[in-house]
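Shown next, in structure tokens, is the structure this report addresses.
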2 protein chains.
Amino acid sequence: MGNCSICAIRSKAVDALNPTEVEYLQGNCAEVDMKPGESIIKEGSLSSHIAYLKSGLATIHKKGVKGTDQILKILQPGCYIGMQTVLSNKIHQYSASAIEDSTICYIDITSFKDLISRNAQFANELILYLCRDELSYFARFVNVHQKQVDGRLADTILFFSDEVKKSRSFQIPLSRNDIAALICATRESVTRSIKDLSDIGSIRVKGKSFEILNYDLLKIISEKG
Amino acid sequence: MGNCSICAIRSKAVDALNPTEVEYLQGNCAEVDMKPGESIIKEGSLSSHIAYLKSGLATIHKKGVKGTDQILKILQPGCYIGMQTVLSNKIHQYSASAIEDSTICYIDITSFKDLISRNAQFANELILYLCRDELSYFARFVNVHQKQVDGRLADTILFFSDEVKKSRSFQIPLSRNDIAALICATRESVTRSIKDLSDIGSIRVKGKSFEILNYDLLKIISEKG
DNA sequence: TTAGCAATGATACATAAATCACATTTTAAA
DNA sequence: TTTAAAATGTGATTTATGTATCATTGCTAA
């Protein structure tokens with residue numbers, strides 16, 4: 001059982017709850033530690049809990065017509081997982097998996113719904129969360145289709161550097177196949193593209209270790225597509 | 001000024017309002033008629049109103065790195081337009097345009113936010129709306145990347161037939177360029193793909209008039225990609 | 001350590017779809 | 001009606017990326 005009242009990365013929504021409500025949430029919330037590769041929620045399964053990524057890193061992925069999964073998003077701490085499904089649908093419409101050591105809080109649906117109807121400010125913060133989330137997909141959708149593989153890979157590397165790892169030298173905890181699923185390409189294209197970006201001296205890569213050598217150049221490739 | 005209390009296609013959210021609240025909404029809501037091509041909201045402009053599509057048909061579109069717009073979605077009556085931006089951002093992150101004669105209700109932001117904080121059920125319905133909307137984008141995102149042009153075009157034709165026009169013979173109120181922007185392709189590819197689908201006898205097309213001759217065949221192409 | 005397996009890199013080849021260039025049709029305007 | 005402008009169709013060509021195959025590396029587990 002987690003302790004929501006002292007949770008360091010608790011959401012703005014939870015901030016809007018009063019002490020009694022926080023206690024209620026806490027009583028209906030279970031904290032679970034996860035290893036990379038472990039499944040947080042599974043597409044097609046019955047949804048009974050909303051998950052909250054307290055620490056670590058995870059992905060949202062969804063099966064496509066080809067049978068392979070597409071990665072929709074990299075999730076950082078502070079993200080709700082499965083909320084769209086739990087609130088509007090009985091069956092999870094996407095999967096989520098940890099890609100680093102993570103801590104997940106599973107919140108019982110009923111309690112969560114309770115809090116939405118009880119506390120308007122809580123509901124309001126969730127609305128804001130959903131709006132921002134959806135807008136980020138809009139941007140992603142348009143970008144992915146107007147850039148080619150090099151540009152999309154550059155995007156991803158910059159994302160991990162700027163948003164996730166906040167460093168020029170970092171690990172991307174994804175296999176080449178995973179990166180392909182994320183940027184909508186094949187494993188082979190990812191390999192080639194990594195080679196391309198390395199050849200022009202914008203990055204240095206060894207396995208999962210990435211280092212940005214020429215940030216501006218990488219940015220240009222990301223923006224030009 | 002519209003009359004929300006007797007609006008035939010008013011949203012489930014508005015259904016949750018009490019008579020006083022409906023009257024309040026009505027007082028802060030302006031109804032506008034639009035012709036095809038007219039802009040409902042504009043990407044980059046300051047957001048002051050949420051739009052609600054009361055009748056007609058519209059598109060959401062967003063500028064990409066190449067400078068051209070990508071169509072994110074075809075909107076049918078009952079859709080909120082610009083809500084994601086109005087609630088979480090000052091600047092509209094996407095545009096919307098009518099593609100058929102449409103009626104739009106512009107709702108003042110402040111009043112809308114008021115209603116969210118006043119009425120938990122209203123907020124709750126908006127949350128459901130946002131959840132469903134986002135899930136539809138997930139499906140679209142994955143589909144678009146795992147199907148080739150023929151499959152995506154088949155998807156679009158089936159969508160207009162099944163969801164919008166509810167007929168096997170209908171008009172698609174989009175230019176070839178628009179269809180291309182919708183299915184992430186070029187105008188030329190759309191033309192060729194229409195020819196492909198016609199050659200195998202699944203559709204008959206004349207200008208913007210489409211007729212489905214072999215529904216099952218079209219479905220197979222849509223599903224196989 | 002070694003065997004076995006999964007992940008990755010590298011190369012040749014195939015292909016879907018973009019680009020380019022131009023003809024034709026449709027629509028709008030004068 | 002005539003003209004201009006926009007939209008659409010078509011064929012040739014190019015290109016990015018997928019597919020296929022095989023070699024290599026690295027990891028896991030006995």
Side-chain angles (χ1 to χ4, degrees), chain A residues 35-37 64-71 97 99 143-157 171-200 203-210 221-222 224-225, chain B residues 35-37 64-71 97 99 143-157 171-200 203-210 221-222 224-225:
Chain A
K35 290 273 161 209
V65 282
K66 283 194 186 167
T68 59
D69 272 32
Q70 203 80 32
I71 295 179
S97 306
I99 55 172
N143 264 322
V144 167
H145 279 283
Q146 297 208 350
K147 290 183 184 175
Q148 42 201 60
V149 176
D150 283 2
R152 287 180 254 155
L153 180 66
D155 279 348
T156 301
I157 294 169
Q171 299 263 120
I172 295 184
L174 296 170
S175 71
R176 297 293 186 260
N177 255 316
D178 292 338
I179 295 176
L182 175 64
I183 69 176
C184 306
T186 56
R187 179 182 65 76
E188 290 88 340
S189 294
V190 170
T191 300
R192 267 189 288 253
S193 188
I194 288 177
K195 199 172 174 314
D196 287 349
L197 296 183
S198 301
D199 285 350
I200 60 167
I203 54 170
R204 175 157 49 210
V205 183
K206 179 98 198 328
K208 294 187 164 54
S209 299
F210 287 71
I221 291 164
S222 149
K224 275 209 343 173
Chain B
K35 291 271 160 213
V65 281
K66 282 192 187 167
T68 60
D69 271 32
Q70 203 80 30
I71 295 180
S97 305
I99 55 172
N143 264 323
V144 167
H145 279 285
Q146 297 208 349
K147 289 183 184 175
Q148 43 199 62
V149 175
D150 282 1
R152 285 181 256 155
L153 180 65
D155 279 348
T156 301
I157 295 169
Q171 299 263 120
I172 296 184
L174 296 171
S175 71
R176 298 292 186 261
N177 255 319
D178 292 338
I179 296 177
L182 176 63
I183 69 175
C184 306
T186 58
R187 178 183 65 76
E188 292 91 332
S189 293
V190 170
T191 300
R192 270 186 276 263
S193 188
I194 288 176
K195 200 173 174 313
D196 288 347
L197 296 184
S198 300
D199 285 350
I200 60 167
I203 54 172
R204 175 158 49 211
V205 183
K206 179 97 200 333
K208 293 187 166 52
S209 299
F210 287 70
I221 290 163
S222 150
K224 274 209 347 177

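The shown structure was predicted, so the numbers you read here are calculated from the model rather than taken from an experiment. Labels below follow one simple rule: chain letters A, B, ... track the order of the sequence lines, proteins then strands, and each chain is numbered from 1.
- Over its full length, the helix from C/dT1-D/dA30 to C/dA30-D/dT1 turns its helical axis through 50°, comparing axes from the five pairs at each end and rounding to 10°.
- Between the side chain of A/R187 and the backbone N or O of A/A181, no donor-acceptor pair lies under 3.5 Å.
- A/S198 contributes a side-chain N or O that, together with a main-chain N or O of A/I194, makes up a donor-acceptor pair within less than 3.5 Å.
- Each of B/D178, B/I179, B/I172 was scored for a side-chain contact (heavy atoms from CB on, under 4.5 Å) with B/S175, with one residue passing: B/D178.
- Looking only at distances, no side-chain donor or acceptor of B/K147 sits under 3.5 Å from a matching main-chain atom of A/V65.
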Next item on the list: Evaluate the side chain to side chain donor-acceptor pair (under 3.5 Å) criterion for residues A/S193 and A/Q148: first the C-alpha distance (whole Å), next the side-chain angles of each, then the deciding distance (0.1 Å), finally the verdict.
Entry: CA-CA 10 Å; A/S193 188; A/Q148 42 201 60; over 6 Å; no

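- In this structure, B/R152 places its CZ atom 12 Å from C1' of C/dA18, rounding to the nearest Å.
- Rounded to whole Å, the distance from NE2 on B/H145 to C1' on C/dA16 is 15 Å.
- Between the side chain of B/T156 and the main chain of B/R152, a donor-acceptor pair closer than 3.5 Å is present.
- Salt bridge A/D196/A/R192: absent, no basic N to carboxylate O contact under 4.0 Å.
- The CD1 atom of A/I183 sits 8.5 Å away from the CG atom of A/D150 when rounded to the nearest 0.5 Å.
- Distance CD1/B/I157 to CD1/B/I203: 4.0 Å, rounded to 0.5 Å.
- Scanning DNA chain D 5' to 3' for nucleotides with an atom closer than 4.0 angstrom to a non-hydrogen atom of chain A gives a first and last hit of D/dA16 to D/dA20.
- Across the protein-nucleic acid pair, B/K206 atom NZ and C/dT27 atom C1' stand 13 Å apart, rounded to whole Å.
- The backbone N or O of B/G64 lies less than 3.5 Å from no partner atom in the side chain of B/T68, so there is not a single donor-acceptor pair.
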Next item on the list: Could you run through nucleotides 19-24 of chain C and give me one letter per nucleotide, 5' to 3': B if any protein heavy atom sits under 4.0 Å from the base, S if only the sugar-phosphate is that close, - if neither?
Entry: BB----

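- Within 4.0 Å of A/K208, counting heavy atoms only, lie sugar-phosphate atoms of the nucleic acid but no base atom.
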